[in-house]
K.L.:
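Submitted below is the structure of interest, expressed as structure tokens.
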Amino acid sequence: MPPLARAVTAAADRRFMQRALELAERGMFTATPNPRVGCVIVRAGQVLGEGWHERAGEAHAEIGAMGAAGAAARGATVYVTLEPCSHHGRTPPCADALVAAGVARVVAAMPDPNPLVAGAGIARLRAAGIAVESGLLRAQAQELNVGFVSRMQRGMPWLRLKVAASLDGKTALLDGTSQWITGAEARRDAHAWRARACAIATGIGTVQADDPRLTVRDVATPRQPRRIVIDSRLTIAPDAQVLAGGGALVVAARDDVDKRARLEARGVEVALLPGADGGVDLAGLVRMLGAREMNELHVEAGARLNGALLRADLVDELLVYLAPSVIGEGARGMFDLPPLASLSQQRRLAVHDLRKVGSDIRVLARRAPP
């Protein structure tokens, strides 16, 4: 292919894959536990059909796009943000459907990290004579599915720890007053992060101090994440707001038969996960949530639980909102961590994203590469 033709094709490929990623985002709040996937079917520069995966058990993105394209899909190019599946799950294999539709070319943003697929979908397409390319806008596709990738590769959800603080790192007054350090725009933005998560967790200290609901309210969503309270001694009040409506999960280290019965009568699940230190086995909890097909775990807690999660090396990402204010000494900090003997012991992070949200600053930081 001449250089100019190659450049034109590459530009078109990028444009249509970008559209597929935009479609995938439509499943941001609903696709879990499945990945967020978008698909565009094109021939001669014309879009024939589009689709995205909305909910588990419903049509995958490729099926939706082929349904829109109909017989015109034969000989077309398919842009999809994730390798087409090759196994029977809740729905039949998309790779087989693409072969049957007679498409000529498939461009996938990333391979499927699910061991049940992991290249088998691409292999099936190539065996049928379909040209397949993989890797276009892969980083963006992985960002959309950071939790799904984590669960497939590690057996654990992606753990995001959210904190709102002043510029000097204070999250509340000494008496626990924290409403509101950051502005309305930052709180609304934080609710969007809640909405994309499979579960929102907090500690018993936050429940007793603030009586939070841990629900998504500031953005529209058809699905509420599951609410989780980490409560070592099972001291939570049965009328706590976080338990309203049933479906919440309380994780304890020690049992109280009568208390557990009262909670279960209100539709609350109680799980016992004792750790070696007398508290909840946090690593065991994260693994349990992975086994329950949870992709993203969003934590909003106090300094004690925040510090415990960091010490256990369970935090994948810090979501920090910093208000342009100073509270001063005597207030509560972000993390309860032991003093360091040397700066060489500090936890190194890499800023993944930095932006202004309203009058506040939002920092998204992840583990620094070794």
K.L.:
Let me check something: do Leu21 and Trp52 share a hydrophobic cluster, defined by ILVMFWY side-chain heavy atoms less than 4.5 Å apart, either directly or through other members?
P.N.:
yes
K.L.:
Counting only heavy atoms from other residues, nucleotides and ligands, does the tally under 6.0 Å from CD of Glu329 exceed 12?
P.N.:
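No.
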K.L.:
Identify all side-chain donor-acceptor contacts of residues 74-82 below 3.5 Å with residues at least two apart in sequence or on another chain.
P.N.:
unit_1: Tyr79; atom_1: OH; unit_2: Asp13; atom_2: OD1; d: 2.6
unit_1: Thr81; atom_1: OG1; unit_2: Gly38; atom_2: N; d: 3.1

K.L.:
Please say whether more than 12 non-hydrogen atoms of neighbouring residues, nucleotides or ligands are located less than 6.0 Å from CZ in Arg126.
P.N.:
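Yes, enclosed.
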K.L.:
With a 4.0 Å cut-off on N to O distance, would you call Arg226 and Glu269 a salt bridge?
P.N.:
yes
K.L.:
Heavy atoms, side chains only, cut-off 4.5 Å: are Leu318 and Arg347 in contact?
P.N.:
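Contact flag for Leu318/Arg347 side chains = no.
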K.L.:
Looking only at the side chains, is there a donor atom on one of Arg217 and Thr215 sitting less than 3.5 Å from an acceptor on the other?
P.N.:
yes
K.L.:
Would you mind checking if Arg260 and Asp255 are paired as a salt bridge, meaning a charged N to carboxylate O distance below 4.0 Å?
P.N.:
yes
K.L.:
Is it the case that more than 12 heavy atoms not belonging to Gln46 sit under 6.0 Å from its CD atom?
P.N.:
no
K.L.:
Identify whether the distance between the nearest side-chain nitrogen and carboxylate oxygen of Asp316 and Arg367 falls below 4.0 Å.
P.N.:
yes
K.L.:
Taking Trp193 as the starting point, is it possible to reach Ile200 by hopping between hydrophobic residues whose side chains are less than 4.5 Å apart?
P.N.:
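Shared cluster, no.
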K.L.:
Heavy-atom distance under 4.5 Å between the side chains of Pro225 and His298, does that happen here?
P.N.:
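Heavy-atom side-chain distance check fails, nothing below 4.5 Å.
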K.L.:
State plainly whether the residues Arg188 and Glu185 are in salt-bridge range, i.e. N to O under 4.0 Å.
P.N.:
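Salt bridge between Arg188 and Glu185, a charged N being under 4.0 Å from a carboxylate O: no.
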K.L.:
Are the charged groups of Asp353 and Arg362 less than 4.0 angstrom apart, N to O?
P.N.:
yes
K.L.:
Any side-chain heavy atom of Val216 sitting closer than 4.5 Å to one from Phe29?
P.N.:
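A side-chain contact is absent here, since even the closest heavy-atom pair is not under 4.5 Å.
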K.L.:
State whether the number of non-hydrogen atoms from other residues, nucleotides or ligands found under 6.0 Å of Arg154 atom CZ is greater than 12.
P.N.:
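Atom CZ in Arg154 is packed in, count exceeds 12.
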K.L.:
Is Asp281 close to Leu285 at the side-chain level, that is, under 4.5 Å between some pair of heavy atoms?
P.N.:
no
K.L.:
For a 4.5 angstrom cut-off between non-hydrogen side-chain atoms, does Pro111 reach Arg138?
P.N.:
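Counting from C-beta outward, Pro111 and Arg138 do come under 4.5 Å.
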